[in-house]
There are 2 protein chains.
Amino acid sequence: MKPARKGKPTIRDVALAAGVSVGTASRAFNRAGRVSEAAITAVQAAAERLGYAPDAIAQSMRTRSSGVVGLLVSDFTNPLYARIINAVEARLQRDGFALLLANTHNDSRHELAMIDFFRRRRVDGLILGACETEKPELIDALLAQDLPVVALDRDFGPLGSGVNVDHYHGALQATRYLLKLGHTRIALMTPGQAVRPGRERIAGFCDAFAERGLKPEPKLIRAERSSMEFAFSEALALLSAPVRPTAFVCLGTRILAGVLQGLRHSGLSVPDDVSVVGVGDTDLSQLFSPAITSLTWDLEAVGTATAELMLARLSTASGHESVEPERIVMTTQMILRDSCGPLSGTSTAPSEPVRAAVKPSTRAKGGVAK
Amino acid sequence: MKPARKGKPTIRDVALAAGVSVGTASRAFNRAGRVSEAAITAVQAAAERLGYAPDAIAQSMRTRSSGVVGLLVSDFTNPLYARIINAVEARLQRDGFALLLANTHNDSRHELAMIDFFRRRRVDGLILGACETEKPELIDALLAQDLPVVALDRDFGPLGSGVNVDHYHGALQATRYLLKLGHTRIALMTPGQAVRPGRERIAGFCDAFAERGLKPEPKLIRAERSSMEFAFSEALALLSAPVRPTAFVCLGTRILAGVLQGLRHSGLSVPDDVSVVGVGDTDLSQLFSPAITSLTWDLEAVGTATAELMLARLSTASGHESVEPERIVMTTQMILRDSCGPLSGTSTAPSEPVRAAVKPSTRAKGGVAK
DNA sequence: ATGAAAGCGCTAACAA
DNA sequence: TTGTTAGCGCTTTCAT
């Protein structure tokens, strides 16, 4: 019943028990090369009996592929990331890949160290999400080493492939919406402009103004830290200015929370005093009073698409001189709720909230670009 | 500059370049055994020059330890889990361990499969968080194989070690609070009683009633699914009963959201019509109007403690016949906010909310038990 | 179709 | 102190 003495049984034990050589046993498991049905059944029976399971480490050693994908993210405490990662993991799991996870905590030195750490562990691929550095050289170097890299909402130049959310049109749409309601003193708060989402959002924001021949107030674009504390104090500062913004676009879950807190602290009401566009279809945006009109995208779809991009590169024999970079763009939706109202001349009757549509189906459709 | 031809340089290349043998090179890196300073510097220089990094897979192969810890959780989309996992990862990272993550999606078959998957990958240890099955046999089997297991808020019998939140006293405290306010028709909603947290909470809840010579209404204890949808419909059902509960204890983030939605749907107001105790110090509980009085515990501390328990077992030479099981209990705190009020006789003047204390410092102190 | 044997990159035991 | 060598468990030629 028991294997030799202690420790898990090896393929050697199985081969011995099945009365074949290790080579045959291996072929029987992998159904590779020529093996007789008889051998297969004998080997499987023996394996079953001994409770044998192949050692993944030894397999990696030989095949040079670990069945593990590394995922680097700044901080998966962010509920938006968490759901994406969840989807990535689920999809990877389906194909038998494991997920090695690490946070970079927005420290680019640490980030590099982690990439190296993963490489030493021979991950088969790397998903770079929410990292601070968007250096194309990095990708080039990694790619040159035959390590597939997929970016998550980051831009790594022409050679990089990945899944991007269409933040540009999202911000455009949200801003247009507020402009149409008559707002012009609109504050945009988003995570740093150092990375793709920030840049895209600022561009969309500005272009929405430009469409009407307007220009946004530069001081109202706050694209820096994405912490709640920062958003809170920024909001307070903005609101105590002589002439305050009439609307906030808060493109981060923590940012939204901070701004909402700032608003409450200032005794201002939403949407009568100021309109708010939030992000993500979170508990907070749904249950806050009033419910927050939000810019969203399908997090599960982003995660699944990311995983599939990786899987595709993984299955491609790495012999081929680097696969064509592929980029997938996911569209955003606006969920119209009760946190935005028309700009009231001064402070007329409490303007009634605008509710233009019900929440659309959660499933988004991602268009493929390039 | 470049290694041999292609592929990453091996220790062989380094040894060659440094003019020493592989054995010496290995010892130089690990500072094990006897090595001369001269050799060390030569080897390090060569390694630097070649861009050598030891292959973790090969090291695992030899040393039989992978430097990877597996973490199994039902669904890390739960923000409470996410923060715990974050802390686990951070602590593990400090000691050079990587985190292999997988969701079980509350499927016990899948859960077993994942445990096996991890074992095949030779994880050095397993953190079992939020799994469905609490079978001591499982732990025994794993332990027998010299695989350290640490449970995260789960009970795996006498041999299991892990970190537990003191849900019993938490529920006791929350219930006492509501009883003191005059409520007796208190609904308790918590994830399934199949697992430790559910059982403990129900016990605490009942004991709080018992202290006053009362018994809770069995129908008001809803300990099943923890989804928002379920909580929503349960809340609706409870609220439409002939005589409805005057208070809800919602011990799950999704549950809290569902109940809040149900309350809104019923047009009931908090705390005037019904009092609510929530869980976790989330954006929602802070920003909901009124802010939700919540039962919390230090998630970072739980994660860190879990990681440290694992690290301790990992550093212990596994030769020792299984280390003493160790259990850590983390205490809970009540953050008093505005969602609970005294039971008003019938419907007198809108009872003013009870606010008994400011939010305590976030850092909790975990007491060690047994 | 199968067995024997050569490693994958590394560490550790044993010699020198 | 250092070099040599034997594997860790597996896959994969290469003979047979």
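Side chains are part of it too, since the values below use all heavy atoms of this structure and drop only hydrogens, waters and symmetry mates.
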Asks: Kindly indicate, with the supporting measurements, whether the criterion side chain to side chain contact (heavy atoms under 4.5 Å, CB included) is fulfilled by A/L299 and A/L80.
Replies: CA-CA 7 Å; A/L299 303 168; A/L80 266 33; 4.1 Å; yes

Asks: Short of 4.0 Å, heavy atom to strand atom, which residues of residues 56-63 of chain B count as contacting DNA chain C?
Replies: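 Residues of residues 56-63 of chain B that come under 4.0 Å of DNA chain C are, in numerical order, B/A58, B/Q59, B/M61, B/R62, B/T63.
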
Asks: For A/L100, what residues pass the side-chain contact (heavy atoms from CB on, under 4.5 Å) criterion, not counting sequence neighbours?
Replies: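 side-chain contact (heavy atoms from CB on, under 4.5 Å) list for A/L100, sorted by chain: A/V68, A/F118, A/R121, A/V123, B/V68, B/A98, B/L100.
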
Asks: Return the value, rounded to whole Å, for the distance between atom CG of A/D55 and atom P of C/dG9.
Replies: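 It is 17 Å, rounded to the nearest whole Å.
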
Asks: The helix from C/dA1-D/dT16 to C/dA16-D/dT1: angle between its terminal axes, five pairs each, to 10°?
Replies: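 Rounded value for the end-axis angle: 50°.
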
Asks: Listed by chain and number, what are the side-chain hydrogen bond (donor to acceptor under 3.5 Å, both in side chains) partners of A/S21, not counting sequence neighbours?
Replies: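 Here the qualifying residues are A/T24.
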
Asks: Any Lys/Arg nitrogen of B/R122 or A/D55 sitting under 4.0 Å from an Asp/Glu carboxylate oxygen of the other?
Replies: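 So B/R122 pairs with A/D55 through a salt bridge.
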
Asks: With a 4.0 Å heavy-atom cut-off, tell me which residues in residues 36-45 of chain A come close to DNA chain C, sorted by residue number.
Replies: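 Hits under 4.0 Å, by residue number: A/S36, A/A39.
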
Asks: B/R327 and B/D155: side chain to side chain contact (heavy atoms under 4.5 Å, CB included), yes or no, with the steps?
Replies: CA-CA 10 Å; B/R327 224 136 340 152; B/D155 191 2; 3.8 Å; yes

Asks: What is the nucleic acid contact for A/Y52, judged by heavy atoms within less than 4.0 Å: base, sugar-phosphate only, or nothing?
Replies: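 Touches sugar-phosphate only.
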
Asks: Does B/R120 reach a base, just sugar-phosphate, or nothing at all? Heavy atoms under 4.0 Å.
Replies: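 It contacts nothing in the nucleic acid.
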
Asks: List in chain and number order the residues that pass side-chain contact (heavy atoms from CB on, under 4.5 Å) with B/D124, two or more places apart in sequence or in another chain; answer none if no residue qualifies.
Replies: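 Partners of B/D124 under the side-chain contact (heavy atoms from CB on, under 4.5 Å) test: B/S65, B/S66, B/F97, B/L314.
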
Asks: Can you pull the contact range of chain A along DNA chain D, 5' to 3', using atoms under 4.0 angstrom from its heavy atoms?
Replies: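 From 5' to 3', the first and last contacting nucleotides are D/dG9 to D/dT13.
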
Asks: Of all residues at least two apart in sequence or in a different chain, which pass the side-chain contact (heavy atoms from CB on, under 4.5 Å) check with A/S36?
Replies: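 By the side-chain contact (heavy atoms from CB on, under 4.5 Å) rule, A/S36 matches A/A38, A/A39.
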
Asks: Please enumerate all protein N or O atoms sitting under 3.5 Å from an N or O of nucleotides 14-16 of chain C, with distances to 0.1 Å.
Replies:
none

Asks: Are the side chains of B/R154 and B/L128 in contact, using a 4.5 Å heavy-atom criterion?
Replies: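 B/L128 does not reach B/R154 side chain to side chain.
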
Asks: Please identify each residue that fulfils side-chain hydrogen bond (donor to acceptor under 3.5 Å, both in side chains) with A/T77, with sequence neighbours left out.
Replies: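 Residues passing side-chain hydrogen bond (donor to acceptor under 3.5 Å, both in side chains) with A/T77: A/D75, B/N86.
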
Asks: Can you sort out the partners of B/A46 under side-chain contact (heavy atoms from CB on, under 4.5 Å), two or more places apart, ordered by chain and number?
Replies: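 Testing B/A46 for side-chain contact (heavy atoms from CB on, under 4.5 Å), a comparison that skips the adjacent residues, returns B/V14, B/A17, B/A18, B/R49.
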
Asks: Between B/T10 and C/dG9, does any side-chain N or O lie under 4.0 Å from OP1 or OP2?
Replies: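 So the side-chain polar atoms of B/T10 never come under 4.0 Å of the phosphate oxygens OP1 or OP2 of C/dG9.
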
Asks: Regarding B/D116 and B/R120, does a basic nitrogen lie under 4.0 Å from an acidic carboxylate oxygen?
Replies: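 Looking at B/R120 together with B/D116, the answer is no, because their closest N to O distance does not fall below 4.0 Å.
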
Asks: Keeping A/S60 on the side-chain end and A/A56 on the backbone end, is there a donor-acceptor pair under 3.5 Å?
Replies: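 Judged by distance alone, yes, a pair lies under 3.5 Å.
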
Asks: Please report the distance, rounded to the nearest Å, between CD1 in B/I11 and P in C/dG9.
Replies: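 One finds 12 Å between P of C/dG9 and CD1 of B/I11, rounded.
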
Asks: Whether the B/E111 and B/H105 side chains hold a donor-acceptor pair (N or O, under 3.5 Å, no angle test) is what I'd like checked.
Replies: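 Looking only at side-chain atoms, B/H105 and B/E111 do not form any donor-acceptor pair under 3.5 Å.
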
Asks: For B/T63 and B/Q59, indicate whether the former's side chain and the latter's backbone hold a donor-acceptor pair under 3.5 Å.
Replies: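 Confirmed, B/T63 side chain pairs with B/Q59 backbone.
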
Asks: Taking ring pair (Phe, Tyr, Trp, His ring centres under 6.0 Å) as the test, write out the residues that go with A/F29, two or more places apart.
Replies: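 So A/F29 forms a ring pair (Phe, Tyr, Trp, His ring centres under 6.0 Å) with A/Y52.
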
Asks: Yes or no on side chain to side chain contact (heavy atoms under 4.5 Å, CB included) for A/D95 and A/R91, after CA distance, side-chain angles and deciding distance?
Replies: CA-CA 7 Å; A/D95 277 38; A/R91 185 63 188 83; 3.0 Å; yes

Asks: Check whether any side-chain nitrogen or oxygen of A/S21 sits under 4.0 Å from OP1 or OP2 of C/dT2, and answer yes or no.
Replies: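 For A/S21, the contact criterion (side-chain N or O under 4.0 Å from OP1 or OP2 of C/dT2) is not met.
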
